[in-house]
Amino acid sequence: FRRGSSRLQGFYGYGGSLGLSSESHEHDGETEMEESSFAFGAMGFIGVEYFFKPKMSLGAEYSHGIMYYTDDVDTMFGIAGGTGAINLNFYF
């Protein structure tokens, strides 16, 4: 979602993620070990963009959310977040 119609625009939204992983490998040339994991999460984000040319902008974004992760050894549920980014965007 976007707010603003000038050179400076704010945006916000939400997203989700899903991850599946499986791998197998040999140990000492004899035993095959299998490992698998599963993860999912949901996050929200907020940011700002400054358009210095009509289709070029410089922006910053911050996201935060929750995550569930499990594998053969551990299971975790927690707040995943505090991810920030600075972007140079080109729109075609």
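Predicted model only: the values in this text are computed from it and were never measured.
Among all heavy-atom pairs drawn from S63 and F45, the shortest one is CB-CB, 3.8 Å. For the residue pair S37 and D71, the shortest heavy atom distance occurs at CB-CB, 3.7 Å.
Counting heavy atoms of neighbouring residues, nucleotides and ligands inside a 6.0 Å radius, atom CD1 of I86 does not exceed 12 of them. Within 6.0 Å of atom CD1 in I79, 12 or fewer heavy atoms from other residues, nucleotides or ligands are found, so the atom counts as exposed in its surroundings. Taking a 6.0 Å sphere around CZ of F52, one finds it holds more than 12 heavy atoms contributed by other residues, nucleotides or ligands.
Counting only residues at least two apart or on different chains, the side-chain hydrogen bond (donor to acceptor under 3.5 Å, both in side chains) pairs with a member in residues 40-51 are R2-E49, E49-S57, E49-N89, E49-Y91.
The distance from atom CD of E34 to atom CD of E23, rounded to the nearest 0.5 Å, is 10.5 Å. If you take CZ on F40 and OH on Y68, they are separated by 7.0 Å, rounding to the nearest 0.5 Å.
No continuous path of ILVMFWY side-chain contacts below 4.5 Å connects F51 to F92, so the two sit in separate hydrophobic clusters.
Classified by interplanar angle (parallel below 30°, tilted 30° to 60°, perpendicular above 60°), the ring pair H64/Y62 is parallel.
Side-chain contact between E61 and N87 is present, with heavy atoms from C-beta onward closer than 4.5 Å.
Shown here are the side chain to side chain donor-acceptor pair (under 3.5 Å) partners of T70, two or more places apart in sequence or in another chain: T75.
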